[in-house]
Amino acid sequence: MPGPLEGKIALVAGATRGAGRGIAVELGAAGATVYVTGRSTRARRSEYDRPETIEDTADLVTAAGGRGIAVPTDHLDPSAVRALVDRIDDEQGHLDVLVNDIWGGEHLFAWDTPLWEHDLDKGLRLLRLAVETHAITSHHALPLLLRGPGGLVVEMTDGTAEYNRDTYRVSFFYDLAKSSVLRMAFALGHELGPRGATAVALTPGWLRSEIMLDQFGVGEENWRDALERVPHFAISETPRYVGRAVTALAADPEVARWNGQSLSSGGLAPVYGFTDLDGSRPDAWRYLVEVQDVGKPADVTGYR
């Protein structure tokens with residue numbers, strides 16, 4: 001049976017690992033052709049110097065049932081992004097889903113470090129990677145996406161608009177980057193809505209990305225071993241969970257109802273009926289507000 005996204009073309013910008021990889025794989029599982037981009041390839045690593053590559057992600061997309069196409073791209077380079085979009089146009093003639101998941105800032109921010117003490121070069125580099133890349137990619141990709149009706153743009157961030165409005169997030173530069181992406185989706189909603197497309201901001205919860213698992217010294221198969229040291233990690237979710245959120249949005253003929261809004265994987269799961277890989281529905285942002293941030297002991301009862 002064809003998947004709900006059979007014949008759809010998606011671009012997941014920043015699909016090497018983490019949420020981007022999970023989104024690309026789930027789009028593939030729904031039948032989409034997915035262009036996956038990033039700077040880490042089998043021939044050359046980015047400054048992250050990690051083993052994950054865009055070719056690996058493309059292979060996972062294909063294995064899931066779609067078609068994965070890896071295109072090495074530095075999204076800070078407008079000419080490279082223009083070439084990427086031209087290639088999609090030449091090969092497919094249309095673009096249905098754009099996911100802006102470019103980040104690259106894990107090694108560039110310092111926790112609870114005020115602006116005047118933060119490394120300025122790293123902070124500005126973070127803003128370029130986390131904000132400027134999204135603007136460059138949308139600038140070049142949106143004309144192709146708008147060629148047909150019903151296009152979807154997903155701006156990936158960390159935190160909902162409501163949570164980030166009231167909560168200081170990590171540091172000045174991190175806070176500014178994540179809030180800027182939320183505002184991007186709001187602005188794009190105003191520009192795309194009247195033209196027949198939809199833009200949303202989307203956040204996963206506490207993500208069990210490759211980097212996060214490595215930091216806790218666990219793998220996906222034994223992630224619960226980290227709970228003794230970090231009990232609230234019990235609310236965490238796999239990257240495939242937010243991938244299923246994107247797939248549900250992309251397959252929804254009434255997706256325009258979300259235009260310009262801030263969404264989360266946990267908030268969308270009961271609406272669309274999807275679960276994480278283990279069958280649960282973690283609602284991390286509600287948990288953070290009601291349990292973790294108010295100092296209650298870790299207890300995910302009623303939150304997954």
Side-chain angles (χ1 to χ4, degrees), residues 11-15 18-20 22-23 75-76 97-106 108-109 111 115 123-139 141-142 145 151-195 197-207 209 237 239 241-243 245-246 248-250 252 255-269 271 282-289 292-293:
L11 166 58
V12 181
I23 292 166
H75 286 265
L76 274 176
V97 180
L98 168 62
V99 180
N100 274 325
D101 187 52
I102 313 121
W103 166 231
E106 294 293 346
L108 296 174
F109 62 85
W111 284 80
L115 169 62
L124 294 177
R125 172 72 172 169
L126 184 152
L127 291 177
R128 292 199 70 209
L129 286 168
V131 179
E132 189 174 326
T133 55
H134 289 225
I136 291 170
T137 304
S138 290
H139 175 84
L142 290 182
L145 183 132
L152 172 66
V153 178
V154 180
E155 287 288 341
M156 295 298 298
T157 189
D158 176 24
T160 63
E162 180 181 19
Y163 187 85
N164 286 10
R165 182 192 64 216
D166 300 325
T167 308
Y168 169 70
R169 302 303 313 281
V170 180
S171 70
F172 173 90
F173 290 106
Y174 190 96
D175 192 297
L176 180 58
K178 299 306 181 180
S179 295
S180 294
V181 175
L182 284 162
R183 193 66 186 185
M184 279 187 181
F186 175 80
L188 285 175
H190 278 264
E191 296 177 358
L192 293 177
R195 295 169 171 86
T198 298
V200 300
L202 178 63
T203 179
W206 195 338
L207 194 69
S209 65
E237 63 197 55
Y241 191 47
V242 75
V246 172
L249 291 168
D252 183 358
V255 69
R257 60 183 159 151
W258 304 111
N259 189 41
Q261 295 187 42
S262 163
L263 309 171
S264 69
S265 49
L268 288 176
V271 176
D283 190 353
W285 297 102
R286 187 167 62 89
Y287 177 87
L288 260 62
V289 170
Q292 180 174 310
D293 290 358

- Task: Walk me through it: do Val99 and Leu11 pass the test side-chain contact (heavy atoms from CB on, under 4.5 Å)?
- Result: CA-CA 6 Å; Val99 180; Leu11 166 58; over 6 Å; no
- Do Leu152 and Leu98 pass the side-chain contact (heavy atoms from CB on, under 4.5 Å) test, and can you show the C-alpha distance, the side-chain angles, and the key distance before you say yes or no? CA-CA 6 Å; Leu152 172 66; Leu98 168 62; over 6 Å; no
- Task: Verify side-chain contact (heavy atoms from CB on, under 4.5 Å) between Asn100 and Val154, making sure each step is shown before the conclusion.
- Result: CA-CA 6 Å; Asn100 274 325; Val154 180; over 6 Å; no
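Rounded to the nearest 0.5 Å, atoms CG (Leu115) and CG (Leu176) are 10.0 Å apart. Distance check: Arg128 CZ to Thr133 OG1 gives 9.5 Å after rounding to the nearest 0.5 Å. Lys178 contributes atom NZ, which lies 11.0 Å from atom CD of Glu155 (distance to the nearest 0.5 angstrom). The CG atom of Leu142 lies 9.5 Å from the OG1 atom of Thr137; values are rounded to the nearest 0.5 Å. Interatomic distance, CG of Leu202 versus CG of Asp158, reported as 11.5 Å (0.5 Å rounding). The OG atom of Ser179 sits 12.0 Å away from the CE atom of Met184 when rounded to the nearest 0.5 Å.
Minimum interatomic distance between Ala201 and Ala185 (heavy atoms only, all atoms of both residues): N-CB, 3.3 Å. The heavy-atom pair separating Met156 from Ala19 by the smallest distance is CE-CB, 4.2 Å. The two residues Ser262 and Leu182 come nearest to each other via the heavy atoms OG-CD2, 3.7 Å. Closest of all the heavy-atom pairs between Asp252 and Trp258 is OD2-NE1, 4.0 Å. The shortest heavy-atom contact between Tyr241 and Gly266 is OH-CA, 3.7 Å. Between Ile136 and Leu76, the shortest heavy-atom contact is CD1-O, 3.7 Å.
Contact annotation: the side chain of Tyr163 approaches that of Arg169 to within less than 4.5 Å [non-hydrogen atoms, C-beta and beyond]. Using a 4.5 Å heavy-atom threshold, the side chains of Asp175 and Phe109 count as separate. Using a 4.5 Å heavy-atom threshold, the side chains of Val200 and Leu249 count as touching. For the pair Ile23 and Pro239, the minimum side-chain heavy-atom distance is 4.5 Å or more.
Thr203 contributes no side-chain N or O that, together with a main-chain N or O of Thr160, makes up a donor-acceptor pair within less than 3.5 Å. Checking side-chain atoms of Asn259 against main-chain N and O of Ala199 turns up a donor-acceptor pair under 3.5 Å. Side-chain atoms of Trp206 never come within 3.5 Å of backbone atoms of Trp285 as a donor-acceptor pair (strictly under, hydrogens ignored).
Ring geometry for Trp103 against Tyr174 counts as perpendicular: the plane angle is over 60°, on a 0 to 90° scale with 30° as the lower cut.
A donor and an acceptor atom, one from each side chain of Ser265 and Glu237, are located under 3.5 Å apart.
In this structure, Arg183 places its CZ atom where only 12 or fewer heavy-atom neighbours from other residues, nucleotides or ligands lie under 6.0 Å away. Taking a 6.0 Å sphere around CD of Glu162, one finds it holds 12 or fewer heavy atoms contributed by other residues, nucleotides or ligands.
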